[in-house]
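Below you'll find the structure, written out as structure tokens, and then a few comments.
The chains referred to below are lettered A, B, ... by the order of the sequence lines, with proteins before strands, and numbering in each begins at 1. The figures that follow rest on heavy atoms only: side chains count, while hydrogens, waters and symmetry mates do not. Note that the structure is a prediction, hence the values are computed from the model and not measured.
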There are 2 protein chains.
Amino acid sequence: MMSINSDSMLDHAPSSPLRLRPQAALKIDKSERTRVAILNAALDFIWSRPFRDMTVRSLMTATGVGRSAFYQYFTDRHDLMQTMLRIVQKEIFEGVSPWLVGVGDPVVLLHQTLGGLVRICYERGPFIRAISDASRTDKRFEEDWRQFLEGFDEAGFARIEADQRQGLIPDFDARPVVFALNRLNAYTIIEAFGQHPRREPEPVWEALARIWVSTLYGAEWLGKESSSLIRK
Amino acid sequence: MMSINSDSMLDHAPSSPLRLRPQAALKIDKSERTRVAILNAALDFIWSRPFRDMTVRSLMTATGVGRSAFYQYFTDRHDLMQTMLRIVQKEIFEGVSPWLVGVGDPVVLLHQTLGGLVRICYERGPFIRAISDASRTDKRFEEDWRQFLEGFDEAGFARIEADQRQGLIPDFDARPVVFALNRLNAYTIIEAFGQHPRREPEPVWEALARIWVSTLYGAEWLGKESSSLIRK
DNA sequence: AGAGTTTATTGACATCATGTCACATCGTCA
DNA sequence: TGACGATGTGACATGATGTCAATAAACTCT
């Protein structure tokens, strides 16, 4: 009938490094378990295969539940990707906070922020790529992705303007520059880490740091704090 | 049965600013005319609607020829997009040549190159976006897009290394930096100009120029040659 | 534990896009 | 005119999507 444990399939599915445990430890009703199983199937799938190949059937086959049950939990593939976006978004926002909200030497904070971003996105690369790919094939989810990126635009803009008022950053029109720098980050990361084999994170981190620091604070700050490598 | 002129439909299709005339002026065999009609239908479609909505049916309806005739000319939608890529690629390569192959003050050339890039991509934005979107949904075309971007990586890398040998650009690992800067250009342009309403080209040009110049030659060159605005 | 209720799951269905194929039609040249 | 190659067409097979009424399973409460 169906496999004993509904979570791991016997065939070639490699499990992704990001898997969910059912929510409230004890109150595991069937519903929650199936929902998480689907999510994990998607995570596993996306870890090794492109979004375009992810059909509802492929997911539910891996789950061991009939295909139509999928629609009890998600309205469509993109709804599911929205959930994946929320998961990844939370991780990224945390890693990226230093420069955006922290106090101290801005160049040091910027290095830290970019280091955190690169580390997390290296670990989650294929998910991020899938999310970005999904945003191209669905009107609603495209909007979600746009808002995700705009979050960085707003935060970065605020930080740059603040530093401009302090004379730390030259007085240019910050909006288009931060827009461009954020696309730089997003798509450099997606292309570098979005599919196996991924590139090495260090050179990517150094390149991004060089570009951000040169543009905002000036190349004379480049040597500073080249130390804080991507830390565990 | 079918409309008198096979090229323009009566309904709401706005014609794109990029349309093809049949090839050899006189030797217009039916085949070439249909092929161009399909291509123009695609160009018109993409000018105002996203790639994800472009079905073979929608194209061939606009063409006035039966849907199955499409496959006489293209193997699928992505094959058609490959043709669109070649058209746009040619225009871009021309506009982008100064810094890559020219002689003279590199900062001036870089400004020129970015100006040309922004001008062309502003004019062709929706096409470029569609090409990029299409690369997410097809394995083969994804490879074409990758090679397209890698072309810029190679050329930019060569230029940077040359300038590094002359001491014009500091001595960093050029590969990852040029990779990042090219993604900066590609995706800033796609998001800024890829759908209506498009952003203004000038601020985008200024932002890209600021980032490239600061990163490569140093911010002290930024005032220089801020003149050469996007020219006809 | 067992009846009754709620919830989860299923299989069949309708729709839509794709790509293919045998056949029909057109037009050109002998 | 007639025959042949090049164009175009309609019908078909496939495979994905999302829905729904019917069924099975899970939960609740006494």
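Side-chain nitrogen and oxygen atoms of A:Thr55 include none within less than 4.0 Å of the OP1 or OP2 phosphate oxygen of D:dG15.
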Salt bridge (charged side-chain N to carboxylate O under 4.0 Å, His left out), that's the test. Do A:Asp144 and A:Arg140 meet it? Break it down for me. CA-CA 7 Å; A:Asp144 293 331; A:Arg140 268 205 326 276; over 6 Å; no

Walk me through whether B:Glu142 and B:Lys139 qualify under salt bridge (charged side-chain N to carboxylate O under 4.0 Å, His left out). CA-CA 5 Å; B:Glu142 182 177 43; B:Lys139 196 169 161 49; 6.0 Å; no

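Whole-Å rounding puts the B:Leu59 CG to C:dT18 C1' distance at 14 Å. Put simply, CD1 on A:Ile38 is 11 Å from C1' on C:dT9, counting in whole angstrom units. Whole-Å rounding puts the A:Met60 CE to D:dA16 P distance at 15 Å. Taking atom CZ of B:Arg33 as the reference point, atom P of C:dG27 lies 10 Å away to the nearest angstrom. Counting to the nearest Å, the C1' atom of D:dG8 and the CZ atom of B:Arg35 are 17 Å from each other. Per the geometry, CZ belonging to A:Phe70 stands 13 Å off C1' belonging to D:dA16, to the nearest Å.
With the nearest nucleotide of DNA chain C identified for both B:Val56 and A:Thr34, A:Thr34 has the one nearer the 5' end.
For A:Ala192, the side-chain contact (heavy atoms from CB on, under 4.5 Å) partners two or more places apart in sequence, or in a different chain, are A:Arg199, A:Val204, B:Phe179.
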Atom pairs, N/O to N/O, protein against nucleotides 10-13 of chain D, distance under 3.5 Å?
unit_1	atom_1	unit_2	atom_2	d
D:dG10	N7	B:Ser68	OG	3.4
D:dG10	O6	B:Ser68	OG	3.0

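Taking the centre of each ring, A:His196 and A:Trp47 come in below the 6.0 Å mark. Ring centroid separation for the pair A:Phe51 and A:Phe127 does not come in under the 6.0 Å cut-off.
Ring geometry, A:Phe141 versus A:His78: the interplanar angle falls from 30° to 60°, so the pair is classed tilted. Classification of the B:Trp145-B:Phe148 ring pair by plane angle, with boundaries at 30° and 60°, yields tilted.
Closest to the side chain of A:Arg57, from the set D:dA16, C:dT18, D:dG8, is D:dA16.
Counting heavy atoms from C-beta on, the side chains of B:Tyr73 and B:Val65 never come closer than 4.5 Å.
Between the A:Arg198 side chain and the A:Tyr122 main chain, a donor and an acceptor come within less than 3.5 Å of each other.
Of the residues in residues 72-82 of chain B, those lying under 4.0 Å from DNA chain D by heavy-atom distance are B:Gln72, B:Tyr73.
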